[in-house]
There are 2 protein chains.
Amino acid sequence: MLFRPNPSSGVPIYLQLMEQVKHSIETGALRPGEQLPGIRPLAEELVINPNTVAKAYRELEHEGVIELRHGAGAFVSGSARAKKETDAMKAGQTAVAATIERLRARGLSDEEIRRLFEAELAGHSALPKTGGHRD
Amino acid sequence: MLFRPNPSSGVPIYLQLMEQVKHSIETGALRPGEQLPGIRPLAEELVINPNTVAKAYRELEHEGVIELRHGAGAFVSGSARAKKETDAMKAGQTAVAATIERLRARGLSDEEIRRLFEAELAGHSALPKTGGHRD
DNA sequence: CCAACTGTATTACTGAACTAGCACAGTAGG
DNA sequence: CCTACTGTGCTAGTTCAGTAATACAGTTGG
């Protein structure tokens with residue numbers, strides 16, 4: 001579970017943590033029913049705010065990945081990523097819709113927008129927007 | 001040129017104005033070399049801040065759509081949308097890259113991301129997120 | 001019950017995007 | 001030159017997402 005959240009990567013810490021938890025479930029490092037680290041201990045280990053962990057957990061619960069029990073702890077959900085296509089996709093669609101709306105407002109045609117997305121999805125270029133350079 | 005900027009549409013006013021100018025050029029309502037309305041008069045007519053018009057003009061100049069001449073006015077650029085694929089596309093690509101980065105951080109696969117975009121690009125209507133109507 | 005854990009809720013701080021107010025600088029015509 | 005236009009620049013206020021600080025509430029084991 002130990003990983004280093006990168007605050008300057010442009011990707012919010014809570015999203016990085018969510019992805020990490022999902023990945024751990026995928027690889028079997030965390031199994032259904034297993035208890036996750038508490039909010040406070042994990043926050044201390046990652047040197048981030050407990051509230052940030054809480055937000056990640058809350059979102060993960062909302063996606064059906066984990067289950068939160070007040071006072072008891074956080075546990076990997078039974079069917080884990082079965083619900084992935086329900087909430088994560090739904091949240092994603094909102095973001096996608098907003099982005100497309102803006103591109104259209106800038107005068108780009110749907111064809112051009114599609115080309116941009118294909119280009120980005122094709123080459124994992126990993127834009128060096130903040131943290132740094134590739135060398 | 002008269003249009004009604006919608007402040008509650010989620011799309012920034014300066015982007016709406018930019019699109020409007022581009023559209024006027026496309027339809028021939030504004031022709032190459034022709035002078036655009038001044039920043040202040042236009043702002044007053046649209047009941048928005050002159051600075052917002054100025055920002056739209058500045059962006060349009062940066063995209064090569066119009067040409068600004070200090071003290072003289074704003075004029076439709078000669079080759080107008082010839083440079084569209086240079087700057088607008090470039091700005092768009094940044095937005096697209098950021099969105100995709102976030103979707104990936106949420107654990108969505110490239111295939112799923114692609115599906116979301118296709119769905120949005122296909123069905124124009126979709127989510128009534130804010131203003132709802134257009135008339 | 002009670003103490004030490006667990007997650008929850010409220011509020012505040014920060015940075016970025018957008019809009020606005022107002023002072024500054026260049027241009028054209030008298 | 002001078003006035004009335006034009007665009008430009010700087011600063012402030014608003015909103016929102018993300019993060020943080022702190023107080024609250026439920027659970028478990030003694």
Side-chain angles (χ1 to χ4, degrees), chain A residues 5-19 21 34-62 65-77 91 94-95 98-99 101-102 105-106 129-131, chain B residues 5-19 21 34-62 65-77 91 94-95 98-99 101-102 105-106 129-131:
Chain A
N6 185 350
S8 58
S9 73
V11 180
I13 296 175
Y14 80 96
L15 279 181
Q16 294 181 43
L17 179 53
M18 284 174 66
E19 212 288 327
V21 170
E34 187 172 353
Q35 180 165 10
L36 281 79
I39 286 180
R40 277 187 185 257
L42 180 55
E44 188 162 350
E45 183 178 329
L46 301 180
V47 200
I48 60 180
N49 195 285
N51 217 319
T52 303
V53 178
K55 177 162 189 174
Y57 277 17
R58 202 179 319 132
E59 288 279 306
L60 284 170
E61 185 192 34
H62 186 239
V65 177
I66 69 176
E67 186 177 342
L68 292 176
R69 288 157 66 176
H70 198 164
F75 303 86
V76 177
S77 189
T94 302
T99 301
E101 186 69 12
R102 281 174 88 96
R106 282 199 123 101
K129 67 165 73 163
T130 38
Chain B
N6 184 350
S8 58
S9 74
V11 179
I13 297 176
Y14 79 96
L15 279 182
Q16 295 181 43
L17 179 54
M18 283 174 67
E19 212 287 326
V21 171
E34 186 172 354
Q35 181 165 9
L36 282 77
I39 287 180
R40 279 193 183 250
L42 181 54
E44 188 161 351
E45 180 178 331
L46 302 181
V47 199
I48 60 182
N49 196 284
N51 216 320
T52 303
V53 177
K55 177 163 189 175
Y57 277 18
R58 203 180 317 129
E59 289 279 307
L60 285 170
E61 184 191 35
H62 186 238
V65 176
I66 68 176
E67 188 177 340
L68 292 177
R69 287 158 67 176
H70 198 165
F75 304 85
V76 177
S77 189
T94 302
T99 300
E101 187 69 13
R102 280 172 89 96
R106 283 198 124 103
K129 67 166 73 165
T130 39

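Every chain is numbered from 1 and lettered A, B, ... according to where its sequence line falls, protein lines coming before strand lines. In this text the structure is predicted, and so the values were computed from the model without any measurement.
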| request: I would like to know whether B:I66 and B:L36 meet side chain to side chain contact (heavy atoms under 4.5 Å, CB included); could you show each step before the answer? | output: CA-CA 9 Å; B:I66 68 176; B:L36 282 77; 4.2 Å; yes
| request: Take nucleotides 6-11 of chain C nucleotide by nucleotide from the 5' end and write B, S or -, depending on whether a protein heavy atom sits under 4.0 Å from the base, only from the sugar-phosphate, or from neither. | output: BBBBB-
Rounded to the nearest 0.5 Å, how far does [atom2] of [Y] lie from [atom1] of [X]?
X: A:I48; Y: A:K55; atom1: CD1; atom2: NZ; result: 12.5 Å
X: A:T52; Y: A:L15; atom1: OG1; atom2: CG; result: 11.0 Å
X: A:L60; Y: A:L17; atom1: CG; atom2: CG; result: 7.0 Å

| message | Donor-acceptor pair, distance only, cut-off 3.5 Å: does the side chain of A:Q16 make one with the backbone of A:V11? | response | yes
| Between C:dT19 (P) and B:M18 (CE): distance, integer Å | 12 Å
| said: With a 6.0 Å cut-off (strictly less than), is the heavy-atom count around CD of A:E44, excluding the residue itself, greater than 12? | reply: no
| said: side chain to side chain contact (heavy atoms under 4.5 Å, CB included) for A:Y57 and A:E61? Distances and angles first, verdict last. | reply: CA-CA 6 Å; A:Y57 277 17; A:E61 185 192 34; over 6 Å; no
| Which two nucleotides bound the region of DNA chain D that has atoms under 4.0 Å from heavy atoms of chain B, read 5' to 3'? | D:dT6 to D:dG18
| query | What pair of heavy atoms forms the shortest contact from B:Q35 to B:A72, and how long is it? | reply | NE2-O, 3.4 Å
